[in-house]
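On a predicted model such as this, the values are computed, not experimentally measured, just so you know.
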Amino acid sequence: MNSIKSKLRLWLMMGVTVIVAITGLLSYNQNRSQDEADYQAQRASLQARLSLSLPHGVWQMDDSYTRLTLDAELGWNSVVAIRITGDAGLNIGRIRSDNNTLRDMAPSEKPSSDDVLTLPIIYQNREKLGTATVYLSRSQLEHRQLVHLLEILLEIVVLDVLIFFVMTYNLNRFVFDPLKRLQDALNRAASSDDAKSSRISQQTQDEFGAVTRSFNRIVDRISADLAMRTAAEAQARQEKDNAELALRQLVQTQQTLVEAEKLASLGSLVAGVAHEINTPVGITLTTASHLATTTLHITEKLDNGGIKKSDFQAYLDTAKECCELILSNAERAANLIHSFKQVAVDQTSEQRRDFQLNDYLSEIVTSLKPRFKRSQTSIDISCEDDLLLDSYPGAVSQVITNLLVNALVHGFDEKPGGTISIHAERSSNNNVKLSIRDNGKGIPAENLNRIFDPFFTTRRGSGGSGLGLHIVYNIIRQRLGGTIEVESQPGKGSTFTITMPCIAPEIPHKEFKQ
């Protein structure tokens, strides 16, 4: 219905339909009024004729004459039946049967009708001989009106069909076929490298012929411009392909190194958490086994009937102690697993969600405790309450983990006794300021401007990749929409200060995506 052809046909058919419908409705109403007037005139004429003809036959008690009079009036199709009743048991009735024959009407018979005419039978304007009841029906009148209405509807349908085919033929011939040729030529010009092949050869002398000639002039002009641009585009395309190939190779190499660094960090986290969970799980298993053995012994005593109150009390004390050990160690293992699960899932996904920074920092530190426990490094967290972030928790976890591990490896050289403090607070313009400070050996001044460079490391011979702080820098700038600064003096530790918005910007695409 969006095409001009459909709209023209629709509106023209609607206009003709409305006009014919209005005309037909007026004619229908006029005929209906005329039919009703004719019916009333016939009704009045019937009443007059019966008033004149019936008194003589009833007075003379001539039933044959009366029946003939009634049969004559039943010739009008609107009359269904006529009954004459009077004194001394007078009851004469005639009715039209379904097969359109006339017969006598039983005294108890009630014809179906929608109009009843009742008139008295008066002889010589003095003596009332009885009553004549005429049963009338408008069914024939309504049938004629229905046929007239159907004729009007059929006329509308026939006119609409004729207009549809006539308009379709003429519109296609004089308007839409030329438009279709012009459209096909435009499509060929848009998709073909050779614009001259889109020229239209068939031209008429009407408005479409003028449009076609103008179109051919435009095609000729465009063909000349395309010829000059083709060579330049081919050379530019070749240079672009070479540049994209080099970029894909660079991005692939960078992505491989970054993913390797992430997996190494996650693997270290898994190993530490697994080692830490081993202790509470072992205690839980040993305690549960002891409780099962004790329960078996008390059950045997109960079955043998030799159980004592002291035995049952000792069992209850043992069960209570075992349950406390199982619950405390199971809760400890569950907390470790929950923190590890949340942090590990976030590190391997890029989903955005709302989270409380204070709670999330605690989960990150809890998941890293097994690694820092070996070096006896303490981590203190100071964060404002209700500091809600709408950001990427996986990115935040990666940043915090890399900075903490960097402090452990480079700041403390895996030596015991280190202290790391994490402080987070709101700053201006709906930002959050996050500081990570350690009391390690610090960073030499000549390395401060290079620590965020890719592949820069002071421990290359000891397994350092030089990508840890580079990943931190890219995540903060590109994904979290913030900045990072570092302050350090040799022998006095280092401080990394991160400023990022509480609502992270949307990421248009994944970093390092091929």
Side-chain angles (χ1 to χ4, degrees), residues 9-58 66-85 92-106 109-122 125 128-167:
R9 288 188 301 199
L10 175 63
W11 282 105
L12 186 58
M13 291 171 62
M14 287 177 59
V16 172
T17 301
V18 170
I19 293 173
V20 176
I22 293 175
T23 305
L25 182 61
L26 294 176
S27 175
Y28 172 77
N29 289 332
Q30 183 178 2
N31 290 338
R32 185 176 181 181
S33 300
Q34 184 62 43
D35 289 342
E36 181 65 23
D38 293 343
Y39 174 80
Q40 294 297 334
Q42 290 279 4
R43 190 175 185 272
S45 177
L46 173 66
Q47 183 177 2
R49 289 194 303 273
L50 290 177
S51 298
L52 293 176
S53 60
L54 287 179
H56 177 74
V58 174
T66 302
R67 285 187 175 88
L68 289 175
T69 302
L70 297 182
D71 290 347
E73 299 300 337
L74 285 171
W76 183 28
N77 290 331
S78 295
V79 179
V80 177
I82 304 175
R83 184 194 301 274
I84 299 174
T85 59
I92 300 174
R94 296 289 284 172
I95 187 172
R96 181 184 294 106
S97 302
D98 294 337
N99 57 1
N100 208 25
T101 60
L102 302 180
R103 61 176 178 84
D104 289 334
M105 183 169 55
E109 188 174 357
K110 294 183 178 180
S112 60
S113 64
D114 51 37
D115 187 13
V116 177
L117 174 63
T118 303
L119 62 144
I121 303 174
I122 300 175
N125 296 326
K128 182 178 180 180
L129 302 179
T131 303
T133 304
V134 182
Y135 298 92
L136 303 170
S137 175
R138 286 186 170 85
S139 60
Q140 293 292 331
L141 179 63
E142 294 175 352
H143 177 72
R144 187 164 57 253
Q145 292 172 354
L146 178 61
V147 170
H148 185 210
L149 183 61
L150 293 177
E151 290 175 352
I152 294 174
L153 295 177
L154 180 61
E155 181 181 355
I156 293 175
V157 172
V158 171
L159 285 176
D160 285 341
V161 171
L162 291 176
I163 291 173
F164 176 82
F165 286 106
V166 171
M167 285 297 299

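- Checking Q42 against D38 by side-chain atom types alone, no donor-acceptor pair falls below 3.5 Å.
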(request) Start with the C-alpha distance between I121 and I84, add both sets of side-chain angles, then the distance that settles side-chain contact (heavy atoms from CB on, under 4.5 Å), and finish with yes or no. (result) CA-CA 9 Å; I121 303 174; I84 299 174; 3.5 Å; yes
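- Residue pairs meeting the salt bridge (charged side-chain N to carboxylate O under 4.0 Å, His left out) criterion with at least one member in residues 132-143, sequence neighbours excluded: E36-R138.
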(message) Set out, in order, the CA-CA distance, both residues' side-chain angles and the distance that settles side-chain contact (heavy atoms from CB on, under 4.5 Å) for M105 and R83, then state yes or no.
(response) CA-CA 8 Å; M105 183 169 55; R83 184 194 301 274; 3.5 Å; yes
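- Here D115 pairs with R43 under the salt bridge (Lys or Arg N to Asp or Glu O under 4.0 Å) rule; sequence neighbours left out.
- Rounding to the nearest 0.5 Å gives a distance of 11.5 Å between CG of L141 and CG of L146.
- The CD1 atom of I95 lies 10.0 Å from the OG1 atom of T101; values are rounded to the nearest 0.5 Å.
- Every side-chain contact (heavy atoms from CB on, under 4.5 Å) that T133 has, sequence neighbours left out, goes to V116, T118, T131, Y135.
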I'd like a table of donor-acceptor pairs (distance under 3.5 Å, sequence neighbours excluded) in which one partner is a side-chain atom from residues 45-55, with atom names and distances.
| from | atom 1 | to | atom 2 | distance (Å) |
| --- | --- | --- | --- | --- |
| S45 | OG | R49 | NH1 | 2.4 |
| R49 | NE | E73 | OE1 | 3.2 |
| R49 | NE | E73 | OE2 | 3.0 |
| R49 | NH2 | E73 | OE1 | 2.8 |
| S51 | OG | Q47 | O | 2.8 |
| S53 | OG | R49 | O | 2.9 |

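- The distance from the CZ atom of R67 to the CG atom of L74 is 12.5 Å, given to the nearest 0.5 Å.
- Remark: E151 engages no residue in a salt bridge (Lys or Arg N to Asp or Glu O under 4.0 Å) (not counting sequence neighbours).
- For the atom pair H143 NE2 and N77 CG, the distance stands at 11.0 Å (nearest 0.5 Å).
- In this structure, CG in L25 is found 4.5 Å from CG in N29, a value given to the nearest 0.5 Å.
- Sparse packing is recorded around CD of Q30, with 12 or fewer heavy atoms of other residues, nucleotides or ligands lying under 6.0 Å away.
- Looking only at side-chain heavy atoms (C-beta outward), V79 and V134 come within less than 4.5 Å of each other.
- Residues in residues 9-46 take part in these ring-ring contact (aromatic ring centres under 6.0 Å, His included) pairs, two or more places apart or across chains: Y39-W76.
- Residue S113 comes nearest to L136 through the heavy atom pair CB-O, 3.0 Å, listed as atom of the first residue, atom of the second, then distance.
- In plain terms, the two heavy atoms of V80 and S137 that are nearest each other are CG2-CB, 3.5 Å.
- In this structure, the separation between CZ on R96 and CD1 on I82 is 9.5 Å, given to the nearest 0.5 Å.
- With a 4.5 Å cut-off on side-chain heavy atoms, N31 and Q145 do not count as touching.
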